[in-house]
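Right, one structure below, let's go through it.
Residue numbers run from 1 in the order of the sequence given. As the structure is a computational prediction, the values presented were derived from the model and not from experiment.
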Amino acid sequence: MLWHLRQLMAAKGMFQTTDLVEPLRERGIEISRQMIHRTVTKPPQRINTDLLAALCDILDCTPSDLLELHVEEHRQASVVNDHGAGIGDIRPIRARVRRPDGIGE
């Protein structure tokens, strides 16, 4: 996911994370300056819909302007010689427990 909040803020002349404090408060969103900083500087793992709506209202944008899904293709490594647990060609060998001579007789 790509998070474009900082770019949209800059387009509106908002260059500091604290520029969002008052506009959010006006819309009933009370969050700490630290949380606003995190929201601006890092893509959120999850976001409150009230906060998302307030950001869209403040920046005159839509959620799709803020969030851009970015899908990366992951190739799955081909499985070679998959005959069970082991590393490459190395396979576990069952251990044998032997008692030393003279013990347990």
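- Contact record, Trp3 with Ile47: CH2-CD1, 3.8 Å, taken as the closest heavy-atom pair.
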- Stepwise side-chain contact (heavy atoms from CB on, under 4.5 Å) test for Ile29 and Asn48: CA-CA 10 Å; Ile29 306 296; Asn48 178 295; 5.5 Å; no
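- For Leu67 against Met1, the heavy-atom pair with the smallest separation is CD2-SD, 3.3 Å.
- Contact between Lys12 and Leu59 at its shortest, heavy atoms only, is CE-O, 3.1 Å.
- Nearest heavy atom pair, residue Pro63 against residue Cys56, reads N-SG, 3.5 Å.
- Every residue two or more places apart in sequence or in another chain was checked for a side chain to side chain donor-acceptor pair (under 3.5 Å) with Thr49, and none qualifies.
- Between Asp65 and the choices Leu8, Leu55, Leu5, the side-chain contact (heavy atoms from CB on, under 4.5 Å) rule is met once, by Leu8.
- Every residue meeting the side chain to side chain donor-acceptor pair (under 3.5 Å) condition with Arg27, not counting sequence neighbours, appears here in chain and number order: Asp57.
- In this structure Glu22 satisfies the side chain to side chain donor-acceptor pair (under 3.5 Å) test together with Arg25, sequence neighbours excluded.
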- Please step through side-chain contact (heavy atoms from CB on, under 4.5 Å) for the pair Gln34 and Arg38, ending with a clear verdict. CA-CA 6 Å; Gln34 293 84 6; Arg38 269 186 259 147; 4.1 Å; yes
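- The two atoms that bring Glu68 and His4 nearest to each other are OE1-NE2, 2.8 Å, heavy atoms only.
- Counting heavy atoms from C-beta on, the side chains of Thr17 and Thr39 never come closer than 4.5 Å.
- Taking CE of Met14 as the reference point, atom CZ of Arg6 lies at 12.0 Å (rounded to 0.5 Å).
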